[in-house]
2 protein chains.
Amino acid sequence: MRADAKKNYDHLLSIAQKALLEQGADVSMRDIARQADVGVGTLYRHFPTREALLDALLRSSFDDLAGKANELNGAAETDKALLVWLEEVIAFTHAHRGILEPMMSAIEDPASALHESCVRLKTAGASLLRRAQADGTARPDLDGAELFDLIAALAWLREQPAHAQRAARLFNVVAGAVLKAP
Amino acid sequence: MRADAKKNYDHLLSIAQKALLEQGADVSMRDIARQADVGVGTLYRHFPTREALLDALLRSSFDDLAGKANELNGAAETDKALLVWLEEVIAFTHAHRGILEPMMSAIEDPASALHESCVRLKTAGASLLRRAQADGTARPDLDGAELFDLIAALAWLREQPAHAQRAARLFNVVAGAVLKAP
DNA sequence: ACCTGAACACCGTTCAAGT
DNA sequence: ACCTGAACACCGTTCAAGT
């Protein structure tokens, strides 16, 4: 990549990051280009789809969350480890409004630029779930894809402006269904 | 209402109904007017907001669902009654893609044209929940608003194209958290 | 190589002008 | 009263023309 292109790429990314946090994942592409003082074509050249842009923005965070899962795989209380991780994921998506819809599409569409990142997240959660299941602290009849969907549903609830507060309580209700009663 | 206006109103409604089923709740308003062979202004005159149009389209169905809840309030098995009703609601929203997002906004916004209809639905569910709680078949620490949110989250899951199948199983998982174990 | 921005095909919504 | 559709301010996306 040429130096000037690299500069545009990085600048675009930092502007898009801010836009994602402030305006949500459905910010207009035009707006991002405008805020970055760059032609729309430049934005599309670097990120041919919105998913490609989201992937660039989220990949490292998703990797961090997967890393966190790895750490938690060493924890003694397998149920608590799963719980902590789930809360962390939901807190992250909560800070990035509008991210769930594209994630849900991407996880089932290998052609999506966001697919790999989402799979990484799902896999990380699945490993924590498996360990809890082996330990007998989580119900055994659940797989990684289902866990992903449950997280997504709760995260979506939390994304709804006036429902976020209730979503916290409902997280516990649903968590109670995933983990065996104490 | 003048006769010609009434005719436009009815025609618009029947076209919008078809559009809602075939293209989802986020059909373009322009498209509806176009399909109805009517100027956009006519559509907006009869339905000043998308919520107003959705309300006109859904009100009677929501009333039916509320009526169904009333019938089920006479059922012997209070837990099964709640379950059956929940499935019915989710099946309905599943047939009307894209309806959940506006419903979630409307239920918390008294100014929305869709508010009343949503409240009716919430109230109907709450009555079934209360009866099951009084009967000891549903967990007592849950209110109507929380039940509404749980339904919404499951219905949203079912709205996601590739996740609908899993949503059916996850309905049972979550239902198991709401109802007391058998 | 890379950037620009006009161009195309769409939106939601309003409101002057018509009947 | 009611209807029409041009008008305005937006989109996403592409691609010829420029550097």
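The sequence lines fix the lettering, A, B, ..., with proteins before strands; numbering per chain opens at 1.
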Remember a base hit wins even if backbone is also touched, and classify B:R50 as base, sugar-phosphate or nothing at under 4.0 Å, heavy atoms. sugar-phosphate

What is the nucleic acid contact for A:V38, judged by heavy atoms within less than 4.0 Å: base, sugar-phosphate only, or nothing? sugar-phosphate

Identify whether the distance between the nearest side-chain nitrogen and carboxylate oxygen of A:R59 and A:D63 falls below 4.0 Å. no

For B:P48 and A:R2, find the nucleotide of DNA chain C closest to each by heavy atoms; which residue's nucleotide sits nearer the 5' end? A:R2

Would you say B:N8 reaches D:dC3's phosphate, i.e. side-chain N/O to OP1/OP2 under 4.0 Å? yes

Does any nucleotide pair with C:dA16 by Watson-Crick or G-U wobble geometry, both distances under 3.5 Å, and what is it? D:dT4

Find the partner of C:dC11: check Watson-Crick (N1-N3 plus N6-O4 or O6-N4) and G-U wobble (N1-O2, O6-N3) distances, both under 3.5 Å, and reply none if neither fits. none

Of A:G41 and A:D31, the one whose nearest nucleotide on DNA chain D sits closer to the 5' end is A:D31

From CG of B:L43 across to P of C:dT13 the rounded distance in Å is 10 Å

To the nearest angstrom, the CD-P distance between B:E51 and C:dT13 comes to 8 Å

Output the rounded distance in Å from CG (B:D10) to P (D:dC2). 13 Å

So does B:S28 get a side-chain nitrogen or oxygen closer than 4.0 Å to the phosphate oxygens (OP1/OP2) of C:dG12? yes

Length of the line joining B:L12:CG and D:dC2:P, which is rounded to integer Å: 14 Å

Parallel, tilted or perpendicular: which describes the rings of A:F62 and A:F92, with under 30° parallel and over 60° perpendicular? perpendicular

Using atom CE of A:M29 as one end and atom C1' of D:dC10 as the other, report the distance to the nearest whole Å. 16 Å

Atom CD1 of A:I32 and atom P of D:dG12 are separated, to the nearest Å, by 8 Å

Would you call B:R139 and B:E146 a salt bridge, taking side-chain N to carboxylate O under 4.0 Å as the test? no

What does B:T42 touch in the nucleic acid at a heavy-atom separation under 4.0 angstrom: a base, only the sugar-phosphate, or nothing? base

Tell me: CZ of A:R30 to P of D:dC11, nearest whole Å? 7 Å

Would you indicate whether the side-chain heavy atoms of B:R166 and B:L157 approach each other to under 4.5 Å? no

For B:D64, is there an ion pair with B:K68 - N to carboxylate O distance below 4.0 angstrom? no

Check this one for me: any side-chain N or O of A:R34 less than 4.0 Å away from OP1 or OP2 of D:dC11? yes

Just the rounded figure in Å: distance from C1' of D:dG12 to NE2 of A:H46. 18 Å

C:dC3, D:dC2, C:dG12: which one has an atom nearest the side-chain heavy atoms of A:A5? C:dC3

